[in-house]
Amino acid sequence: MNESASSRLAAILTGGEPPADLYSVEGSRLYERFAEFDDSEQRELLRRLAATEGDILELACGGGRLALPFLALGRPVVGIDLSEEMIRILQDRYDRLPRSRRRVPLTAVVADMRNFELRRLFGAIVLATTSIFLLDASDREQLFAAVRRHLAPGGLFFVTVYESSLEVGASSTRLVPLTGDVPAVALLSDQVREDGRTREVTALQISRDHDGALDVAAFSSVVHTASKEELDDELVRAGFTHVESIALSGGDAGGLRIRGYSL
Ligand SMILES: C[S@@+](CC[C@H](N)C(=O)[O-])C[C@H]1O[C@@H](n2cnc3c(N)ncnc32)[C@H](O)[C@@H]1O
């Protein structure tokens with residue numbers, strides 16, 4: 001079966017409207033609502049970053065779930081993201097921080113991680129949240145070349161990957177309550193597609209509008225997969241050396257792992 005149960009649910013609830021991109025303006029806003037209280041990776045990344053030196057770059061930083069906590073290290077942070085809305089949310093959150101936390105500069109830039117040019121070097125570059133797999137293998141080659149151009153001598157490139165143990169066709173689903181003035185939930189689903197190499201991520205925002213009518217918005221994103229061995233091979237071909245691997249979580253559907261690479 002090609003269609004996931006959550007795509008079918010989305011079609012039923014929205015009257016067949018095709019889902020919008022998860023990182024469109026509305027999708028970015030929903031993402032930030034369900035990611036707001038998610039602190040996964042944060043503690044381990046902070047610990048690893050503390051052992052590096054120099055400025056920190058976060059690729060695909062979104063609204064700053066990780067980039068803002070990185071400021072606690074007292075080193076300049078740059079976050080890039082392709083979504084203008086994500087960068088607007090990040091800038092807005094930074095501007096609203098207490099003055100004491102804004103002593104450390106954060107620069108938020110709309111840019112494509114496949115091809116960015118910031119004209120400075122970083123002691124650490126982070127690509128978290130499995131966002132590396134928003135890119136296919138040929139886009140990842142471009143990404144690695146861009147990271148090479150920006151990594152200072154002795155710097156480290158940290159990539160968080162999710163190792164899924166889901167079989168083709170299997171899915172995992174979770175419900176996240178959303179804060180706001182009307183009761184709302186996000187239903188998030190992740191299904192391995194028939195090709196076995198990509199996953200479909202669906203996010204449904206479900207609430208009632210002020211008149212009491214059901215209000216559903218559907219978003220989706222395709223995520224590529226590669227084993228850690230394949231990813232290491234790609235990075236070695238791009239000139240990197242794998243230096244460490246930190247397991248973050250396990251579970252039925254797979255586990256998160258931070259992988260560190262040097263040049
Ligand atoms: C799963 S979210 C992660 C956001 C953030 N790192 C977090 O942990 O909340 C993926 C992010 O990647 C961004 N993105 C997608 N393709 C991109 C690209 N080619 N270059 C830069 N950012 C991209 C999206 O806009 C989105 O903000």
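Being a predicted model, the structure only gives us computed values, none of them experimental. Atoms within each ligand, like the ligands themselves, are counted from 1 in listed order.
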So among Leu151, Leu156, Val159, which one has a side-chain contact (heavy atoms from CB on, under 4.5 Å) with Tyr261?
Val159
Heavy atoms only: which of Leu143, Leu22, Asp81 lies closest to atom 24 (C) of ligand 1?
Asp81
Nearest heavy atom to atom 26 (C) of ligand 1 wins, so pick from Phe116, Tyr23, Tyr31.
Tyr23
Among all protein heavy atoms in this structure, tell me which lies nearest to [atom], with the distance rounded to 0.1 Å.
| atom | result |
| --- | --- |
| atom 19 (N) of ligand 1 | Asp112 OD1, 2.9 Å |
| atom 15 (C) of ligand 1 | Leu134 CD1, 3.6 Å |
| atom 8 (O) of ligand 1 | Thr129 OG1, 2.7 Å |
| atom 23 (C) of ligand 1 | Leu82 CB, 3.6 Å |
| atom 5 (C) of ligand 1 | Cys61 O, 3.4 Å |

Below a 4.0 angstrom heavy-atom separation, can you tell me which part of [X], side chain or backbone, both or neither, approaches ligand 1?
| X | result |
| --- | --- |
| Ser131 | side chain |
| Glu41 | neither |
| Met113 | both |

Rounded to the nearest 0.5 Å, what separates atom [atom1] in [X] from atom [atom2] in [Y]?
| X | Y | atom1 | atom2 | value |
| --- | --- | --- | --- | --- |
| Glu32 | Leu90 | CD | CG | 8.5 Å |
| Leu13 | Gln205 | CG | CD | 12.5 Å |
| Leu256 | Ile246 | CG | CD1 | 12.0 Å |

Test your reading of the model: is there a side-chain donor-acceptor pair from Arg33 to the backbone of Thr179, 3.5 Å cut-off?
yes
So is Ala60 polar-close to ligand 1, meaning N/O to N/O under 3.5 Å?
yes
Ligand 1 to Glu32 polar contact by distance, N or O atoms, under 3.5 Å
no
Ser83 heavy atoms, cut-off 4.0 Å: which ligand 1 atoms fall inside?
25 (O)
Atoms of ligand 1, numbered as shown, that sit under 4.0 Å from any heavy atom of Glu58:
6 (N)
Is the closest heavy-atom distance from Ala111 to ligand 1 below 4.0 Å?
yes
Would you mind listing every ring-ring contact (aromatic ring centres under 6.0 Å, His included) that reaches into residues 126-158, with sequence neighbours excluded?
Phe116-His150, Phe157-Phe240
Are there over 12 heavy-atom neighbours, none belonging to Glu244, within less than 6.0 Å of that residue's CD?
yes
Check the surroundings of atom CZ in Arg43: do more than 12 heavy atoms from other residues, nucleotides or ligands lie under 6.0 Å from it?
no
Do the charged groups of Glu234 and Arg140 touch, with an N to O distance under 4.0 Å?
yes
Under the side-chain contact (heavy atoms from CB on, under 4.5 Å) rule, what do Leu49 and Val126 come out as? Steps first, then yes or no, please.
CA-CA 9 Å; Leu49 288 171; Val126 177; 3.9 Å; yes
